[in-house]
Undergrad: 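What follows is a structure written as structure tokens; I'll ask about it next.
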There are 2 protein chains.
Amino acid sequence: MIAIDWGTSSLRAFRLDPQGRVIDARRSDQGVLASSGRFEAVLEDVVQGWDERVVAMAGMVGSRQGWHEVAYVACPAGLDEIAQGMRRIESSVLRDRELWIAPGLSVVHADGVHDVMRGEETQICGLLDRLGPGSHLACLAGTHCKHLRIDDGRIRDFSTAMTGELFQVLSQHSILGRLMQPGPHDTPGFARGLDHAALDGDLIEHLFAVRTHGLFDVLPASALRSFLSGLLIGHELRGLPASAQSVHLIAPPALLEPYTTALTRRGHRVQVHDEQVSARGLYALARQRGLPMA
Amino acid sequence: MIAIDWGTSSLRAFRLDPQGRVIDARRSDQGVLASSGRFEAVLEDVVQGWDERVVAMAGMVGSRQGWHEVAYVACPAGLDEIAQGMRRIESSVLRDRELWIAPGLSVVHADGVHDVMRGEETQICGLLDRLGPGSHLACLAGTHCKHLRIDDGRIRDFSTAMTGELFQVLSQHSILGRLMQPGPHDTPGFARGLDHAALDGDLIEHLFAVRTHGLFDVLPASALRSFLSGLLIGHELRGLPASAQSVHLIAPPALLEPYTTALTRRGHRVQVHDEQVSARGLYALARQRGLPMA
């Protein structure tokens with residue numbers, strides 16, 4: 001089968017053998033935004049030369065702005081509920097393919113507030129057979145970070161932190177960005193940001209320290225970006241249990257070290273999983289759904 | 001004398017009689033950013049036809065990016081310390097004027113973090129004679145909101161919340177803004193944002209509710225901007241004492257009702273002061289410094 005993780009700004013395609021092993025992988029910048037109105041052509045191009053029949057897709061491709069909207073499945077949900085929520089779509093262009101889109105997940109918290117994800121649930125499906133029974137925490141870092149609680153193989157609850165997006169808009173469009181000088185990740189500046197997030201006070205006040213640390217030369221201008229990053233990630237992790245439970249981390253390469261550092265400093269043991277878990281997850285879902293794998 | 005509140009994006013000029021009463025006022029969009037490199041010409045234009053000798057200025061005009069950098073005065077500070085921090089500047093263009101710039105204020109919190117203001121301290125100087133002895137709280141709403149504690153006529157402590165700027169960058173540059181429809185201030189949406197800010201959890205998580213409230217039609221798209229505003233102002237006010245002390249509020253017209261609502265809902269009694277307090281403050285500082293008023 002072919003597994004496709006089709007997000008807002010990029011697409012990753014995996015060719016899997018019948019046992020679910022990745023035998024080829026491709027990447028494209030034709031995310032959902034760039035593919036709008038021409039999803040079939042983009043997909044045809046991406047899978048060219050791969051002759052597997054089943055194409056299972058996950059991510060924003062199933063959103064209202066995607067190819068075909070697939071309803072969210074409500075938490076708690078495991079492999080079975082998510083596989084049942086998959087929808088088959090027809091395409092006159094890709095006649096010799098069998099096209100499926102996985103659903104996203106939704107949750108309603110005790111306070112009545114909704115949360116949603118599309119794509120991350122598939123990554124967790126790729127982890128479930130490694131996690132085993134009991135209660136587990138997972139952190140999926142990125143533009144919108146997801147924190148999940150998984151109980152006995154089912155996603156029980158999750159929440160979203162807009163860490164990555166907040167970092168981008170503040171760096172690029174706020175007064176804080178004006179003081180920052182470009183530079184590589186600055187480890188002491190990042191650690192200082194984490195420490196700052198642990199102080200009393202709200203993020204909306206803490207942010208101003210990026211400016212005053214620059215004004216008063218507390219940190220060099222080249223360390224302010226990393227300070228902001230540490231500050232935001234530190235606030236994101238404030239909600240984790242204080243008891244040092246281990247955390248399963250899935251992160252893009254640039255965020256792997258920062259998140260590992262941040263979680264470790266809070267006393268968590270970090271178990272890192274590679275980003276190919278999304279291919280594993282789509283395989284697990286397709287098998288659960290009984291789709292042909294050859 | 002002439003009093004000038006010269007901020008980043010705009011300038012307000014007041015002509016005062018010898019008793020400190022405002023007898024004329026002008027406004028210009030030639031803020032510090034727009035005036036860079038030609039401060040004398042902008043000032044000459046703004047005060048044309050007003051023949052008072054002393055021109056006292058406050059705000060970002062005294063910053064590194066302004067006309068002439070004037071060192072911050074450290075808190076705690078009252079009228080006397082701030083007046084002593086004023087600096088006279090020379091101008092070959094404006095020979096018949098006596099030009100003064102007021103300093104900003106700085107503070108170092110117990111945790112070693114600096115905070116700064118430029119301009120707001122002058123507004124407080126215009127309030128001091130109304131406040132009297134004892135301990136007072138003041139909230140100055142705007143792009144960077146300032147919360148101050150004033151003890152017996154001296155500014156003891158303050159902190160900055162980036163509420164206005166965060167609202168702007170998130171509305172204009174984040175995924176949250178894409179769901180928002182333009183519309184007038186929405187009172188129920190704003191109240192819902194305030195309530196949301198009072199829930200457990202960090203701002204970095206709460207923000208995502210702007211999106212899910214839109215996705216799940218919890219709020220109409222035209223109410224999401226006001227929800228975000230209430231969420232941010234609610235987080236800003238989390239740091240205020242829970243005991244319902246009265247708060248002195250200075251806010252631009254568009255923020256007067258939202259802040260009054262937010263403070264009242266938290267149990268504070270609100271005392272509103274008009275924005276002309278900056279002219280009163282510059283007058284009080286000039287008199288303290290012994291400058292000629294005619």
Side-chain angles (χ1 to χ4, degrees), chain A residues 8 63-65 72 106-116 143-147 159-163 165-166 168-178 195-197 199-216 218 231-239, chain B residues 8 63-65 72 106-116 143-147 159-163 165-166 168-178 195-197 199-216 218 231-239:
Chain A
T8 301
S63 71
R64 212 169 291 172
Q65 295 77 38
Y72 293 108
S106 67
V107 70
V108 186
H109 294 290
D111 51 27
V113 179
H114 295 77
D115 210 327
V116 293
T143 305
H144 294 168
C145 301
K146 306 287 182 184
H147 285 264
S159 67
T160 303
M162 291 185 62
T163 316
E165 183 159 12
L166 209 47
Q168 290 300 332
V169 297
L170 289 172
S171 301
Q172 290 171 19
H173 301 290
S174 83
I175 196 173
L176 303 182
R178 283 189 225 153
D195 289 344
H196 200 99
L199 298 174
D200 277 346
D202 202 90
L203 175 59
I204 209 166
E205 290 176 8
H206 283 175
L207 285 173
F208 201 62
V210 180
R211 180 164 166 76
T212 56
H213 278 6
L215 280 178
F216 289 90
V218 174
L231 183 62
L232 295 177
I233 293 173
H235 271 275
E236 175 191 335
L237 302 184
R238 272 184 169 194
Chain B
T8 301
S63 72
R64 213 170 290 174
Q65 293 78 38
Y72 292 108
S106 67
V107 69
V108 186
H109 294 293
D111 52 28
V113 179
H114 294 77
D115 210 326
V116 291
T143 306
H144 294 168
C145 302
K146 306 288 180 181
H147 285 264
S159 68
T160 302
M162 290 185 62
T163 315
E165 183 158 14
L166 208 49
Q168 290 302 331
V169 298
L170 289 171
S171 302
Q172 292 171 18
H173 301 289
S174 83
I175 196 173
L176 303 182
R178 283 188 226 153
D195 289 345
H196 199 101
L199 299 173
D200 277 347
D202 203 272
L203 174 60
I204 208 164
E205 291 176 7
H206 283 176
L207 284 173
F208 201 61
V210 180
R211 181 165 165 76
T212 56
H213 278 6
L215 279 178
F216 290 91
V218 174
L231 183 62
L232 295 178
I233 292 174
H235 270 276
E236 174 192 334
L237 301 185
R238 273 184 169 194

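A, B, ... follow the sequence lines: proteins, then strands. Residue 1 opens every chain. Predicted, not measured: the structure shown is a model, and the values here were computed from it.
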Undergrad: I'd like to know if the side chain of B/Arg211 and the backbone of B/Ile175 have a donor-acceptor N/O pair within less than 3.5 Å.
TA: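 Checking the backbone N and O of B/Ile175 against the side chain of B/Arg211, no donor-acceptor pair under 3.5 Å is found.
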Undergrad: Which atoms of B/Thr163 come close to chain A, meaning under 4.5 Å heavy atom to heavy atom: side chain ones, backbone ones, both, or neither?
TA: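 Contact with chain A: backbone and side chain both.
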Undergrad: Under a 4.5 Å heavy-atom cut-off, does chain A meet the side chain of B/Ile204, its backbone, both or neither?
TA: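 Both parts, heavy atoms under 4.5 Å.
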Undergrad: Looking at CG of B/Asp115 and OH of B/Tyr72, how far apart are the two atoms once the value is rounded to the nearest 0.5 Å?
TA: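 Result: 9.5 Å between the selected atoms.
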Undergrad: Is chain A contacted by the side chain of B/His147, its backbone, both, or neither, given a heavy-atom distance below 4.5 Å?
TA: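 The answer is neither part of B/His147.
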Undergrad: Quick check on B/Leu207 against chain A: is it the side chain, the backbone, both or neither that has a heavy atom closer than 4.5 Å?
TA: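 The answer is both parts of B/Leu207.
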Undergrad: Could you give the distance from NZ (A/Lys146) to CZ (B/Phe208), rounded to the nearest 0.5 Å?
TA: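 Reported to 0.5 Å precision, the distance equals 4.0 Å.
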Undergrad: Passes side chain to side chain contact (heavy atoms under 4.5 Å, CB included), A/Leu166 versus B/Leu166? Steps please.
TA: CA-CA 9 Å; A/Leu166 209 47; B/Leu166 208 49; 4.2 Å; yes
Undergrad: Which pair of heavy atoms, one from B/Gly201 and one from B/His235, lies closest together, and at what distance?
TA: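 Nearest heavy atoms, B/Gly201 then B/His235: O-CE1, 4.1 Å.
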Undergrad: Quick one, A/Leu199 and A/Asp195 - any side-chain contact, counting heavy atoms below 4.5 Å?
TA: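 In short, these two side chains do not touch, never coming nearer than 4.5 Å.
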Undergrad: Can you tell which part of B/Thr143 gets under 4.5 Å to a heavy atom of chain A, answering side chain, backbone, both or neither?
TA: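 For B/Thr143, no heavy atom lies under 4.5 Å from chain A.
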Undergrad: Measuring heavy-atom distances to chain B, does A/Leu170 have an atom under 4.5 Å in its side chain, in its backbone, in both, or in neither?
TA: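 Side chain only.
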Undergrad: In terms of heavy-atom pairs under 4.5 Å, which option from A/Glu205, A/His173, A/Gln168 contacts chain B the most?
TA: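 Sorted descending by pairs with chain B, the first entry is A/His173.
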Undergrad: Under a 4.5 Å heavy-atom cut-off, does chain A meet the side chain of B/Asp202, its backbone, both or neither?
TA: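 For B/Asp202, the contact with chain A is made by the side chain alone.
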Undergrad: Could you tell me the separation between the CG atom of A/Leu203 and the CG atom of B/Leu203, rounded to the nearest 0.5 Å?
TA: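 A/Leu203 atom CG to B/Leu203 atom CG measures 5.0 Å (nearest 0.5 Å).
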Undergrad: Under 3.5 Å, side chain of B/Thr212 to main-chain N/O of A/His114, donor-acceptor pair present?
TA: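 Flag set: sc B/Thr212 to bb A/His114 pair under 3.5 Å.
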Undergrad: Pick one of side chain, backbone, both or neither for B/Leu232, based on which atoms fall under 4.5 Å of a heavy atom in chain A.
TA: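 Contact with chain A is through both the backbone and side chain of B/Leu232.
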Undergrad: Is it the backbone or the side chain of B/His206 that comes under 4.5 Å from a heavy atom of chain A, or both, or neither?
TA: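 Contact with chain A: none, neither part.
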Undergrad: Shorter than 4.5 Å, heavy atoms on both sides: which option in A/Val113, A/Asp200, A/Thr8 has the most such pairs with chain B?
TA: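 Heavy-atom pair counts peak at A/Val113.
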Undergrad: Of the backbone (N, CA, C, O) and the side chain (C-beta and beyond), which part of A/Ser174 lies under 4.5 Å from a heavy atom of chain B, both, or neither?
TA: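 Both parts, heavy atoms under 4.5 Å.
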Undergrad: Of the backbone (N, CA, C, O) and the side chain (C-beta and beyond), which part of B/Phe216 lies under 4.5 Å from a heavy atom of chain A, both, or neither?
TA: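 Only the side chain of B/Phe216 comes within 4.5 Å of chain A.
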Undergrad: Report the residues that fulfil salt bridge (Lys or Arg N to Asp or Glu O under 4.0 Å) with A/Arg178, sequence neighbours left out, ordered by chain and then residue number.
TA: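 If we apply the salt bridge (Lys or Arg N to Asp or Glu O under 4.0 Å) test to A/Arg178, skipping adjacent residues, there are no hits.
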